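Quick caveat, the model's predicted, so the values are computed rather than measured. Order of the sequence lines sets the chain letters (A, B, ...), proteins ahead of strands, with each chain counted from 1.
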Amino acid sequence: MPKNLVIVESPAKAKTIEGYLGKEFKVTSSYGHVRDLPKGDLAVDVENGFLPTYEVQADKKAVIKELKKLVKEAEIIYLASDDDREGEAISWHLKEALDLNDSQTRRIVFHEITKNAIQNALQNTRTINLDLVNAQQARRVLDRLVGFEISPILWRKIKGGLSAGRVQSVAVRLVVEREREIDSFDSRSSFKVSAQFNLEKGKVLVAELPRKFETEDQAMAFLEECNGADFFIKKLETKPSKKSPAPPFTTSTLQQEASRKLGFSVSQTMTLAQKLYESGKITYMRTDSLNLSEEAVSAAASAITSEFGSGYSQNRKYKTKSKSAQEAHEAIRPTDFRVNSAGKEYNENRLYDLIWKRALASQMGDAQIEKTIATIGISNSDLHFTASGEVIKFDGFLKVYIESTDDEDSEEQKGMLPPLAEGQVLEMKDLTSRESFTRSAPRYTEASLVKKLEEMGIGRPSTYAPTISTIQKRGYISKETREGKERNYIQFVLANGSIKRTTRSEITGYEKQKLFPTNIAMVVNDFLVDHFPNVVDFSFTANVEKEFDEIALGEKPWDSMIGAFYDKFHLTVEESKLVERSDVNKARVLGEDPASGKQVYARLGKFGPVIQIGNSDDDDKKFASMRQGQFVENITIEEALDLFQLPRNVGVFEEEEVVAAIGKFGPYVRHNGKFYSLGKELDPLSITIDEATELIKMKRTVDANMLIKAFDGNDEIQVLNGRYGPYIKAGKKNVRIPKDQKPEDLTLEECVDLAEKTPEKRGKGKRK
DNA sequence: CAGTGAGCGAGCTTCCGCTTGACTT
């Protein structure tokens, strides 16, 4: 019977550590926190030193029961939760919940799961640091007070079920402010010039003018200057440069790279990483640390040496720049560098590959690069073109890994320049001046929002993914892909002694999986910024973190820190309760409806953003829901009035009305109770009855192709070919055909029978 | 894939940070 019990936070970790220790040790886990403030109640006594009431969470009752049993059998209990604020609190809660006394309890910490580190930790036990525990209690109580005092105000003033908090409200604010920045962005155009010169053997040298022209006239004037000018290599320089590898992954950088390179959402990345961790392929995936254990560094070195040769190995240590990092774990790395595949699950493997490459590259040499820049003079202008190229002299870490960037303008890989000589005269092939436009800051992706939050020290590795999903669940933010719009640009081409001006078009503003705020988010954000500027201030977290640090050092009592915050905070809570609902969600007057002479309003209604024609006391007032992507704060009266043209009676086909409208899934026409989606080329506002009729007929033939079998006298039941194979359509029910039945042989009776045996769709069960 | 939008009022919602499965299709 082992006489030592070690309790860590994660079961996967427990399993590994148990392998390192002898028979005298039993290693088990607490599955994270075991006690917390109860869910349904503030549970903080604000009158009494902010005394919190904790309870064992419902899902941890069994864990505590099991732990109690193990404690009884053990002599010494090692509390081995993480070495950070939350970990210290977990140890303390465990000690309280398990009724441990000081003589049987030891606190141990380690920052990597290696045999050495664990054995070392067991030699260096200490007691629980209550100052650190108190810093955690301050953090916990502050978050509870902020969340549970502000959220109910939102329920009353705006809408039920809404929420506010130190982290999520800042995340929403960032997205709202970015959207407004984009809306008010004034795009300027300018003209850049590029040139092509003919070289020997049909080769072409591409060069760019380093400056841009602000106007069309200036660009034109420059091209005219160049017409007939002589071009020559004025200067040829080569410069050595180098590139260094990126550090190994933390949670947030993993989320960013997996998003850019693999297209994963942050929660998808975390689910896959969890699986890799549980199967022992990678180290812990919720970390802010860049450190690698000594064992890992030397394992990487030998893997690199055996794979690429010793010249590629370079021992590196990385230091985090983040002030908020707690570094309780290692960076994310493979547990065994010799393993370069994680098994057969496709996406797990892709993520593992990314982690493996990044960690390995972080211990490899710099890439040595030689840059060549050719400066090209123009006989009758002071300006000059430049052409640049790169030669990789030594690839170093580039052999395995190239980091991607968020920057959409990032330069593509440069090739080598062809052989050139100073003084060489160049023959101009053509010059192109193309209008380009300045771009606003981009909308956030899930991963770039995480990056921003991390930079501001807001949130923790374990909460990035849940925060992103919370703000979507609350209806503040939606992740959408939106089509771009066509935009014209001007282009001049100088070739063969003459300049041609053309107007061309390009698609701009295409957004893939980007975060858009909703109207609710804007109203909530403005309310919070107005009434709780302190809490949604971008540096609020950083400021309170400083105070938590002082508490952790024993320099400040936690209840007085919370007291000082709460006194002011609670006053603003009380003040904000006095604000009228109608002041929070103001209707915007767009103007007058030319048809009726009534006022047109935009506001957030009971069912979402709405346009209203006529005052509230008008019995004939009309409403129309706003469409996706339209905002109360900037919709124009033209756009608003357009909404009233739908639904629109298009005409009559087969004695039934054809109606055009825009639904949840886009524009459609409805006929005889059926919906027909409109293609991009058809507009519900202008579609004619002929076009609609054609569409209906066409969709019917598509349906006819899917039809396997129909029954005379019962048009409720059909056998069809679906996306997932043949199925029976019985009214609104779709029924799978059993494998042993041939769909074309089914009788009506068999179909009815199968349909009746199939239970009603239960839909998505509500989760607790 | 509708059009809806009054007012009353009961009873619900909510935070952040640690952990895994339990749910669906």
Side-chain angles (χ1 to χ4, degrees), chain A residues 8-14 29-37 39-44 57 59-60 63 81-82 84-91 93 136 139-156 159-169 271 274-275 277-278 284 286 326 328 458-464 466-467 470 474 535 541 587 601 603-612 614 616-617 619 621-625 646-647 659-670 673-678 684 724 761-768:
Chain A
V8 297
E9 292 183 33
S10 143
K13 214 190 249 186
S29 76
S30 71
Y31 293 80
H33 272 292
V34 290
R35 296 201 312 179
D36 191 18
L37 301 172
K39 276 181 70 162
D41 179 32
L42 185 68
V44 174
Q57 294 133 262
D59 56 336
K60 296 297 164 61
V63 175
S81 44
D82 296 349
D84 56 22
R85 198 164 65 203
E86 295 297 327
E88 203 67 17
I90 289 175
S91 281
H93 279 298
Q136 193 274 346
R139 198 281 303 155
R140 181 67 190 91
V141 167
L142 178 109
D143 282 337
R144 174 54 71 94
L145 290 172
V146 168
F148 275 40
E149 292 219 355
I150 300 181
S151 299
I153 299 172
L154 300 180
W155 305 341
R156 263 173 289 158
K159 197 184 156 188
L162 295 177
S163 64
R166 175 176 58 82
V167 173
Q168 60 169 280
S169 297
T271 306
Q274 176 84 27
K275 286 197 177 137
Y277 167 66
E278 282 171 12
Y284 197 58
R286 289 183 277 265
Q326 312 212 352
I458 298 173
R460 302 280 312 132
S462 68
T463 59
Y464 295 141
T467 300
T470 297
R474 298 275 177 274
V535 174
T541 293
Y601 302 92
R603 66 182 176 88
L604 202 50
K606 206 166 161 186
F607 308 112
V610 69
I611 300 296
Q612 178 183 327
S616 304
D617 53 9
D619 288 339
K621 58 182 179 289
K622 290 194 295 182
F623 297 94
S625 290
L646 297 172
V659 176
I662 299 175
K664 249 199 241 178
F665 310 130
Y668 66 90
V669 290
R670 199 178 74 221
K674 285 195 174 129
F675 295 88
Y676 304 88
S677 291
L678 265 64
Y724 308 114
K761 254 197 189 172
R762 277 186 297 150
K764 281 187 183 173
K766 266 202 176 173
R767 290 171 63 176
K768 279 178 197 165

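At whole-Å resolution of the value, CH2 in A:Trp155 and P in B:dA10 are 16 Å apart. In this entry the distance linking CD of A:Gln57 with C1' of B:dC15 reads 14 Å, nearest Å. Summarising the geometry, the separation between NE2 on A:His33 and P on B:dT20 is reported as 13 Å, rounded to the nearest angstrom. Rounded to whole Å, the distance from CZ on A:Arg144 to P on B:dT13 is 12 Å. Between the CG atom of A:Leu154 and the P atom of B:dC12 there is a distance of 20 Å, rounded to whole Å. Put simply, CG on A:Asp84 is 10 Å from C1' on B:dG17, counting in whole angstrom units.
Judged by distance alone with a 3.5 Å cut-off, a donor-acceptor contact links the side chain of A:Arg140 to the base of B:dC15.
Put simply, A:Arg35 has no side-chain N or O that comes within less than 4.0 Å of OP1 or OP2 on B:dT19. Taking side-chain N and O atoms only, A:Arg139 has no distance below 4.0 Å to OP1 or OP2 of B:dC16. Between B:dC15 and A:Arg474, a contact under 4.0 Å exists linking OP1 or OP2 to a side-chain N or O. Between A:Arg460 and the phosphate of B:dC18, there is a side-chain N or O to OP1/OP2 separation shorter than 4.0 Å. Look at A:Gln136 and you won't find any side-chain N or O under 4.0 angstrom from OP1 or OP2 of B:dG17. The phosphate of B:dG17 has OP1 or OP2 within less than 4.0 Å of a side-chain N or O from A:Thr463.
A:Ala89 comes within contact range of no nucleotide atom at all, as no heavy-atom separation falls under 4.0 Å. Backbone-only contact: A:Thr470 has heavy atoms under 4.0 Å from sugar-phosphate atoms and none from a base. Using a 4.0 Å heavy-atom cutoff across all strands shown, A:Gly165 reaches sugar-phosphate atoms only and no base atom. Counting non-hydrogen atoms under 4.0 angstrom, A:Asp59 reaches nothing in the nucleic acid. Here A:Tyr601 lies out of heavy-atom contact (under 4.0 Å) with every strand. Residue contacts for A:Gly87: at a heavy-atom cut-off of 4.0 Å it reaches no nucleic acid atom on any strand shown. Across all strands, A:Ser10 comes closer than 4.0 Å only to sugar-phosphate atoms, never to a base (heavy-atom distances).
Both geometric conditions, a ring-centre gap below 5.5 Å and a plane tilt below 30°, are not fulfilled together for A:Tyr31 over the base of B:dT19. The aromatic ring of A:Phe148 is not stacked on the base of B:dC15, since the criterion of ring centres less than 5.5 Å apart with planes inclined by under 30° is not met.
Among the pairs that DNA chain B forms, none builds a region of at least three successive Watson-Crick or G-U pairs under 3.5 Å.
Of the options A:Thr470, A:Ile458, A:Thr463, a side chain to side chain contact (heavy atoms under 4.5 Å, CB included) to A:Val167 is made by A:Ile458 and by none of the others. Of the options A:Arg140, A:Glu86, A:Glu9, a side chain to side chain contact (heavy atoms under 4.5 Å, CB included) to A:His33 is made by A:Glu86 and by none of the others.
With the nearest nucleotide of DNA chain B identified for both A:Gln326 and A:Ser151, A:Ser151 has the one nearer the 5' end.
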List the protein contact pattern of nucleotides 3-8 of chain B with one symbol per nucleotide (5' to 3'): B for base contact, S for sugar-phosphate-only contact, - for none; contact means a heavy-atom distance under 4.0 Å. SBBS--
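With sequence neighbours left out, the salt bridge (Lys or Arg N to Asp or Glu O under 4.0 Å) criterion links A:Arg286 to no other residue.
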